[in-house]
Amino acid sequence: MSRRGQNQVWSCSGARLNNGVRLCGAESISQVSLDLMFLNAVEIRFPNRHDLLAQLETTQNLDFVERDRSILRKQLSIIEDELDSAKNAMDELQGQVEVLKMRHELFGESFDETEITEKMQEQVSLISQLEAEKADMEAVLDKKEKHWASLEKDYAIREELIYLMKTSDMDKVWLCLPRYVKALALSITVHDKNNFTIHWFDGTETDITLKKER
């Protein structure tokens, strides 16, 4: 971050020259633009200010975290058990094929691999499906854990905003919202000086495009 006159200007650290190399091509963004972007985003995502207050209060009750974590871990455990069973079944089928081949070599017994091959193909398909489901569930759980960690980290500033919204004129509070970015936004992705994505405390996202300056 650097200052130009009275205005703060934010820039990516990678946009500065590093041994003569510019690592990031992102443009600098003024604090005024960021504040405008944030207020626009809040108006779009939370048009009803009383609903916003209710959602903040609900979020502050973090009891749901352990409940949801337990549910997701249980679902993951079920998928892992099904995957282990599918792999064990595959091992048994492969063992049967080895036994049949051995009996054919030792005793000349003929055998038809068609049925076992079809069962093995079914197991391969099932294993692939379960592995994909496991990866998806792990990704969901990882994303949720990061979200919950962010909620806990910014608990105090949300409490401050809730108190302000309950005890002050709501229009005045609205103008102060840029001071409470961390209470509402877990992160902000800046695509360029006119395009942003806000990642809200309730797990949703809002894409914002500002009018280009002439």
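Heavy atoms only: backbone and side chains are in, while hydrogens, waters and symmetry mates are out. All residue numbers in this chain count up from 1 along the given sequence.
- Without hydrogens or angle criteria, Asn88 side chain to Asp84 main chain gives a donor-acceptor distance under 3.5 Å.
- Ion pairing of Lys146 with Asp142 is present here, as a side-chain N (NZ or NE/NH1/NH2) and a carboxylate O approach within less than 4.0 Å.
- Across all their heavy atoms, Leu39 and Pro178 have their closest contact at CD2-CD, 3.9 Å.
- Atom CD of residue Glu92 and atom CD of residue Gln123 lie 9.5 Å apart, to the nearest 0.5 angstrom.
- By the neighbour-count criterion of 12 heavy atoms within 6.0 Å, atom CE of Met102 is sparsely surrounded, having that number or fewer from other residues, nucleotides or ligands.
- The nearest pair of heavy atoms linking Ile188 to Val181 is CD1-CG1, 4.0 Å.
- Side chain of Arg158 to backbone of Leu151: a donor-acceptor contact under 3.5 angstrom is found.
- In the hydrophobic clustering of this structure, Leu56 does not group with Leu175; members are Ile, Leu, Val, Met, Phe, Trp, Tyr whose side-chain heavy atoms approach within less than 4.5 Å, directly or through other members.
- Between the side chain of Thr58 and the backbone N or O of Ala54, at least one donor-acceptor pair lies under 3.5 Å.
- Side-chain atoms of Val97 and Thr117, non-hydrogen and from C-beta on, never get closer than 4.5 Å to each other.
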Derivation and outcome, side-chain contact (heavy atoms from CB on, under 4.5 Å), residues Phe64 and Trp148: CA-CA 10 Å; Phe64 71 90; Trp148 295 328; 3.9 Å; yes

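- By the criterion of side-chain heavy atoms lying less than 4.5 angstrom apart, applied directly or through intervening Ile, Leu, Val, Met, Phe, Trp or Tyr residues, Leu130 is not grouped with Ile78; the two fall into different hydrophobic clusters.
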Glu43/Arg49 under salt bridge (charged side-chain N to carboxylate O under 4.0 Å, His left out): CA gap, chis, key distance, verdict: CA-CA 9 Å; Glu43 289 283 1; Arg49 303 177 187 186; 3.7 Å; yes

side-chain contact (heavy atoms from CB on, under 4.5 Å) evaluation trace for Asp207 with Asn195: CA-CA 7 Å; Asp207 293 322; Asn195 295 280; over 6 Å; no

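- We find the CG-CD1 distance between Leu100 and Ile116 to be 5.0 Å, quoted to the nearest 0.5 Å.
- Using a 4.5 Å heavy-atom threshold, the side chains of Lys119 and Gln96 count as separate.
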Residues Met37, Val190; criterion side-chain contact (heavy atoms from CB on, under 4.5 Å); working and verdict: CA-CA 11 Å; Met37 170 274 300; Val190 180; over 6 Å; no

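- The line from CD1 of Ile157 to CZ of Phe201 is 13.0 Å long, rounded to the nearest 0.5 Å.
- The line from CD1 of Ile44 to CD1 of Ile198 is 9.5 Å long, rounded to the nearest 0.5 Å.
- Distance check, rounded to the nearest 0.5 Å: OG of Ser150 to NZ of Lys182 gives 11.0 Å.
- Nearest approach of Gln55 to Asp202, heavy atoms of both residues: OE1-OD2, 3.3 Å.
- Within 6.0 Å of CZ in Arg69 there are more than 12 heavy atoms belonging to other residues, nucleotides or ligands.
- Between the side chain of Ser125 and the main chain of Gln121, no donor-acceptor pair closer than 3.5 Å is present.
- In this structure, Glu138 does not pair ionically with Arg73, as no charged nitrogen and carboxylate oxygen lie closer than 4.0 Å.
- For the pair Arg45 and Trp200, the tightest heavy-atom approach, listed with the atom from each and the gap, is CG-NE1, 3.5 Å.
- Of the possible donor and acceptor atoms, none in the side chain of His104 sits under 3.5 Å from a partner among the backbone N and O of Val99.
- Ion pairing of Lys101 with Glu105 is absent here, as no side-chain N (NZ or NE/NH1/NH2) approaches a carboxylate O to less than 4.0 Å.
- How far CD1 of Ile79 is from CE of Met137: 4.5 Å, rounded to the nearest 0.5 Å.
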From CA spacing to verdict: side-chain contact (heavy atoms from CB on, under 4.5 Å), Asp35, Phe38: CA-CA 5 Å; Asp35 290 348; Phe38 185 67; 5.7 Å; no

